[in-house]
There are 2 protein chains.
Amino acid sequence: MPNPRLFSLKSESIPRATIQRLALYVQVLEDLQREGSDVISSESLAKACDVNPSQIRKDLAYFGEFGVRGVGYYIQDLIASLKRCLGIDHTWKTVLVGVGNLGRALLNHKEFKLRGFEIIGAFDCDPFKIGEEVSGLEVMCTKRLMEKSHELGVEIGIITTPPERAQRAANHLVEAGIKGILNFAPARITVPEHVVLEYVDFFHHLYSVAFNITLAQQK
Amino acid sequence: MPNPRLFSLKSESIPRATIQRLALYVQVLEDLQREGSDVISSESLAKACDVNPSQIRKDLAYFGEFGVRGVGYYIQDLIASLKRCLGIDHTWKTVLVGVGNLGRALLNHKEFKLRGFEIIGAFDCDPFKIGEEVSGLEVMCTKRLMEKSHELGVEIGIITTPPERAQRAANHLVEAGIKGILNFAPARITVPEHVVLEYVDFFHHLYSVAFNITLAQQK
DNA sequence: CGGATTTTGTGAATAATGTAACAAAAGTGG
DNA sequence: CCACTTTTGTTACATTATTCACAAAATCCG
Ligand SMILES: NC(=O)c1ccc[n+]([C@@H]2O[C@H](COP(=O)([O-])OP(=O)(O)OC[C@H]3O[C@@H](n4cnc5c(N)ncnc54)[C@H](O)[C@@H]3O)[C@@H](O)[C@H]2O)c1
Ligand SMILES: NC(=O)c1ccc[n+]([C@@H]2O[C@H](COP(=O)([O-])OP(=O)(O)OC[C@H]3O[C@@H](n4cnc5c(N)ncnc54)[C@H](O)[C@@H]3O)[C@@H](O)[C@H]2O)c1
């Protein structure tokens, strides 16, 4: 029988890598669910995620007990539990700053909503872009970020400005009372202690590919 | 005096995290160079990258000695050395499969070339997209991937198809003799041992933001 | 030229993370 | 209802990564 007990943190600090893997588990579990699976063992899930089975059990153990011994994990319940653990059991109100090439692609991406992030505002400083409609949103002037954010109760900001503008965009977001920032611009930025900051840098991954090819060729 | 000796691997296996940081160092060093700096100590660079100074010295030590004691690192030389270490001292011929929202944004992104990756082919399976010109490239049918790749000597493939098509795209790329793949689709794929594979998943980072906000709120 | 100063490169110490092993729980079938 | 199987949760162990601490090199300056 499923065992959806309340999630409670057991340990003080959870490895960053664990969080990344939990996100992966959710993704893979949702695929499995779509394929009609019902229950899965840590071993099978491990194979699908390309990690060690003990790793999965240990990752889950940071948050509680979600499985049934001798049986495995009920996929639907595990997804729900993991989402609660990650804080995506509800929808996060999100805004995007910098409606360029990448910003547009993100705004048009329908999956954000499904995954728990609703983009409810798009901001740019280019007067030619302000007023334009992108994916059902009217692009607004960055100056109105504070006013609008408070009005809408925004929690997360996505930065897709050029790198030299990333800090300024971050400052606006912080002023607007945002709680977390995802920065796509390849520039280090600084924010107050209480604001959560994450970077996405495609090039780091590309460099990694290049390095590993070079390595393979050398030996 | 600068000390640009030939790069030679010292240790067998280099931590994955080190590679990610080397990429970060290059990015930050290039910014510093643009701002007119000439020499930098591991301590200052560490501050700019938000890591520990010993960490930097140790990361570099995997590849050789690049600094001058009592002075620091000559930025220009260090950038060149790091690029050689990472295998981006030359341009990698790259193709992109899946010319949708994201694919288009990437094709329009001018920085790829500057950073050592030239996108020389764009492929899609949608007959309405084939023949279209995007950022100076004619979109070609995925079926021609093999033929074209060999002709052009392609080394790296970028996948931006929907997740359910990612495996198929990967198969085509592998057939075409590609050496490495960067997959933006949120789907695990399998490739032969000799092909280097990396994933980029925005949502994992967003989940991480959500988790850390939740964590901060709880305590 | 030599002592003071700086900062690297590195081995040792510490901390974090990942893996293996196994006892405890749940289910199964005679 | 009791062995038997399965698979979790957890402890103990192994590996890997990070930080510390300091000797060795380079420069600077009197
Ligand atoms: N396009 C890609 O595929 C890609 C890939 C990797 C990284 N990136 C990074 O993502 C960022 C955006 O890339 P892009 O290709 O969309 O660039 P872009 O130039 O097309 O778009 C940037 C947008 O930001 C707006 N902007 C500038 N300053 C602003 C400010 N202070 N406030 C609000 N808006 C502001 C500009 O008006 C423009 O619309 C860049 O930092 C880039 O390096 C992009
Ligand atoms: N758009 C975003 O901002 C965003 C963000 C995160 C992740 N992603 C992921 O990136 C991928 C692409 O996203 P998108 O928004 O560009 O989707 P999209 O639907 O706009 O584009 C996908 C493209 O791939 C093409 N395609 C489908 N099957 C193919 C095949 N077998 N060979 C070649 N081409 C094929 C389609 O014709 C289409 O042009 C998706 O997997 C998505 O989940 C996108």
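By convention in this document, chain letters (A, B, ...) are assigned in the order of the sequence lines, proteins followed by strands, and residues within each chain are numbered from 1.
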Working for ring pair (Phe, Tyr, Trp, His ring centres under 6.0 Å), residues B:F202 and A:F184: CA-CA 9 Å; B:F202 308 172; A:F184 282 84; 5.1 Å; yes
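A distance below 6.0 Å separates the ring centres of B:F112 and B:H109.
Shown for residues 28-38 of chain B: no residue has heavy atoms falling under 4.0 angstrom of DNA chain C.
Using a 4.0 Å cut-off between charged side-chain N and carboxylate O, A:E30 and A:R115 make no salt bridge.
Here C:dT7 presents its P atom at 14 Å from CD1 of B:I75, a figure rounded to the nearest Å. One interatomic measurement links the two molecules: CG of B:L60 to C1' of C:dT7, which rounds to 13 Å at whole-angstrom precision. In this entry the distance linking CD1 of B:I19 with P of D:dT16 reads 16 Å, nearest Å. Separating the OH atom of B:Y62 from the P atom of C:dT10 is a distance of 12 Å, rounded to the nearest angstrom. Whole-Å rounding puts the B:K47 NZ to C:dT7 P distance at 12 Å. Atom CD1 of A:I56 is separated from atom C1' of C:dA20 by 15 Å (rounded to the nearest Å). The CG-P distance, from B:L45 to C:dT7, rounds to 14 Å in whole Å.
With contacts defined as side-chain heavy-atom distances shorter than 4.5 Å, the pair A:L29/A:L78 qualifies. Proximity of B:V97 to B:I158: side-chain heavy atoms (C-beta onward) are nowhere separated by under 4.5 Å.
For B:R21 and D:dA17, the shortest distance from a side-chain N or O to OP1 or OP2 is not below 4.0 Å.
For B:S54, taking side-chain heavy atoms from C-beta onward, the closest of the listed nucleotides D:dC20, C:dA20, D:dT18 is D:dC20.
Geometric assessment of A:R188 against the ring of A:Y199 yields a positive cation-pi assignment under the 6.0 Å and 45° thresholds.
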Contact letters for nucleotides 3-8 of chain D, in which S counts primed atoms plus P, OP1 and OP2 and B counts the base, heavy atoms under 4.0 Å: ---BBB
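If you check distances only, the side chain of A:K58 does reach the base of C:dG18 with a donor-acceptor pair under 3.5 Å.
Contacts of A:S44 classified as side chain to side chain donor-acceptor pair (under 3.5 Å), with partners at least two apart in sequence or in another chain: A:S41.
Using a 3.5 Å distance cut-off with no hydrogens or angles, the side chains of A:E175 and A:N171 do not pair a donor with an acceptor. No side-chain N or O of A:K58 forms a donor-acceptor pair with one of A:T18 less than 3.5 Å apart.
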